[in-house]
Amino acid sequence: MSWRPLWIELRRSIDAERNLGYTDGAVIGGFSRYAQTMLTSILQKLSEESGPFKARLALWERQMSNYRSLSKAERKKIVEELAEALKEVEIEKPELFQKKEANQQEAQAKASSVQKGPGTAIQFLKGVGPQRALKMKKMGIETIEDLFFHIPFRYIDRSQIVKISQIYGPGEVTVAGVIRAYQEWQPRRGLTVIRGRLDDGTGILSLLWFNRKQMMKQYPPGSAVMVSGKVEYAYGKAELTVQEIELQEEAGLHTGRLIPVYPATEGIHQRYLRKLFEQVFQNYRHILEDIVPREVRQQLDYLPLDKALQALHFPHSLEEAENGRSGLVFDEVFLLQCALHYLRQQKKDTSRGFVHGRGDEELRRFWSLLPFKLTGAQQRVIQEISSDMASPRPMNRLLQGDVGSGKTVVAASAVVKAVSSGYQAAFMAPTEVLAEQHAINWQKLLAPIGIAVAHLSGSSGRRKREEVLQGLLEGSISVVIGTHALIQKDVRFKKLALVIIDEQHRFGVKQRSALWEKGKGADLLVMTATPIPRTLAMTIYGDLDVSVLNERPPGRQSIKTYHLSSKTWPRIYNLIRREVKAGFQAYVLCPSIEESETMDLAAVEERYEILSRDIFPDLKVAIMHGRLKKDEKASVMEAFSQGKIDILVTTTVIEVGIDVPNATVMIIEDAERFGLAQLHQIRGRVGRNSHESYCILVADRLTEEGRLRMKAMEKSNDGFLLAEEDLKLRGPGEMLGTRQSGIPAFKVADLTRDGAIMETAQIASRSYLEKYPQLDNPESKALRKKIAHTFQGLDLL
Ligand code: ADP
Ligand code: MG
């Protein structure tokens, strides 16, 4: 018998002694004597190669002899130290815990694997032929490194070895003993029942197999085995249906430990995967390259890569597996953060930005002419942006502010500063309607201080377009607002030094960087009203500086939100009528899948018909959707914002940014079709003055998740809170369309639960890059290589 099962026994007895409070009672005859005997046998069986460990174990063997005479505290100390020592051996010498392979082929493979790197194809592994390789490829496993990262999603506990005499009820157990005899029985054609008798010295247990005659040859009577399976009672007698069996000598892979359960597929079974992992850990562990530099590692508690993987694939406890997982999460996030930081740095010439040195006086005048006083948050954020702009380092700032928090005037302040300093500024909005609204708004905002604003849209007439293009090129136009029309090739600037992107997540990365390219070194401000949970922001933006508008303009009330069924339309109509009577306006929003030519207008047209003809013939009802002509849209919006329309029946064209403070009612039909972030955005169209506003979510057949969304909306007006909720409900990929960002998805990290580790990783990566901005020190070699390999061609902004 090898020493390995003894080791397992020893660990078990240590656990038991701990549980009994160090009474030396874990084993009949005394724990200390038992442990001593075990250690002696292990020492005898350990081979020479494990020399240093033998010395350490011998020390413990001696310590055990006077265990009985010690106080409880002293005993505790010894037991815990012994447990720790065993664990250390396991971690430091994992090869001891793997099956010995005298096999020559294997030895050769081992020798040749020295030259193999992480990218080596899995076909090199024993037992992986072309067919299996293909199946694994479908699971995303192509290289040995991929395989290492194929991590278990749960564990089955087979670590406790139960004595047969102590089996009292049905359930899963693992027992160790010797097979005494087999019986074979064929109750009917096609079914062979094999019954074996297992003897562990405390009793005899009946083992059961179905149609597995080969068992009898593989484990002939006399074999010492470890068996896991389900115990059931037949005629009052315990019977174990065997799920896993191993020779005791080899035990520890499928039985006798916490057994990992992997994502598997047809033809790639659990047993096969465990076997593979035994092999890769034995022969290929050295190909794992720890990308985290030593000086970062030393300051943190996370397990280094190979130990983390060992802990995940071969854990002794769930806690250990969890520690392994944390280690991988840290590595993964650290890598991404370093990559974002490093690559952006490479791309940008950080020394040559524009210095916006003037504008203080103009800004004071601008603010004094506003119909309101800036909030504290607005003043703070404007200050942050101003000092970025005044420095020669190009600004790279994200402005996050909940809907209605007043981002526009912040952006306008930046524009005033740029123009006063003699530069041009461009403002890009995601939809035509919004760009149009902004253009009108900004003209009003900036006219009093003598700054003209041009508007460039996809549907601008040719002559007007030429005029604007000419003005931008010559520099006679200082401020331009538009949609992606701004990024077309023929749009050229004389000295573009400030780029502002509104509702930035609506643009693809390519579009964003295209605009930025037009003004090399320009200061960049991206704004979003869809608050992004910290963890998610971190992965997408990493090194961006972030400003947060966390204060609403004064006098705003929270929007009363109710989820109602469509049976209650009459009550909803009453609410609309009441508010219109009081001089306010209402939106009725009907979902359309997409703003496209082919979109389904039925819903919005039908609702418009009902409202304008049957319910409110006396009120002014208008319809708005993406298929209206551009000037039709503009005139409807203009009429609505001037209060000439009472009720606007609309699609999601008004979702973002539209600002008509006199509207106090938002009805959202089929609200279940929208995600939380979008619902919050839409709701944000009301509640823009000091009167009470209402949002009614009309939804009938809700999924459980949908119900939670409606509840979250009713409960909270806080965009950040809702965003966290959204992240939990939908996951990061769905949430902001981050898939299109081109940033590879995390393999292990989970944005909804790993926030703390992610923050640690971000801080660590930032300070490391501050120290080694070029990553050109020898310690960063693995990191730099990995970045180049993983993030090749990533389009960053
Ligand atoms: P968002 O952050 O959603 O883009 P806006 O910039 O459109 O918000 O501002 C929302 C509304 O609040 C606008 O009508 C704007 O004029 C008004 N507003 C902005 N700042 C203030 C303030 N400090 N006090 C009062 N009203 C303000
Ligand atoms: Mg806005």
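Computed from a prediction, not measured in an experiment: that's the story for all the values here. Just so you know, ligand 1 is whichever comes first in the structure, and atom 1 is the first atom listed for that ligand.
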Option with minimal heavy-atom separation from atom 2 (O) of ligand 1, where the choices are Q681, K407, R685, M527: K407
Closest candidate by heavy atom, reference atom 25 (C) of ligand 1, pool G687, G719, P553: P553
If you count the atoms of ligand 1 from 1 in the order shown, which ones are under 4.0 Å from a heavy atom of [X]?
X: D659; answer: 11 (C), 13 (C), 14 (O)
X: L374; answer: 23 (N)
X: K373; answer: 22 (C), 23 (N), 24 (N)
X: T408; answer: 4 (O), 5 (P), 6 (O), 7 (O)
X: S405; answer: 2 (O), 8 (O)

G401 to ligand 1, any heavy atom closer than 4.0 Å: no
Which bit of [X] is near ligand 1, meaning a heavy atom under 4.0 Å away: side chain, backbone, both or neither?
X: T375; answer: both
X: R688; answer: side chain
X: L549; answer: neither

N717 side chain vs I559 backbone, donor-acceptor pair below 3.5 Å: yes
Partner of I668 by side-chain contact (heavy atoms from CB on, under 4.5 Å), out of L697, V588, V698: L697
Carboxylate-amine/guanidinium proximity below 4.0 Å for E669 and R607: yes
Distance-only side-chain donor-acceptor flag, T561 / E714, under 3.5 Å: no
Residue list, side-chain contact (heavy atoms from CB on, under 4.5 Å) with L575, at least two apart or on another chain: R578, E579, V665, Y694, I696
Which residues share a side-chain contact (heavy atoms from CB on, under 4.5 Å) with K711, sequence neighbours left out: R707
Exercise: identify the closest heavy-atom pair between I623 and L628: O-CD1, 3.7 Å
Sub-3.5 Å N/O-N/O distance, G406 and ligand 1: yes
Any N/O pair P554/ligand 1 closer than 3.5 Å: no
Whether over 12 other heavy atoms sit under 6.0 Å from Q642 CD: yes
Steps toward side chain to side chain contact (heavy atoms under 4.5 Å, CB included) verdict (R688, D659): CA-CA 8 Å; R688 294 180 162 247; D659 182 32; 2.7 Å; yes
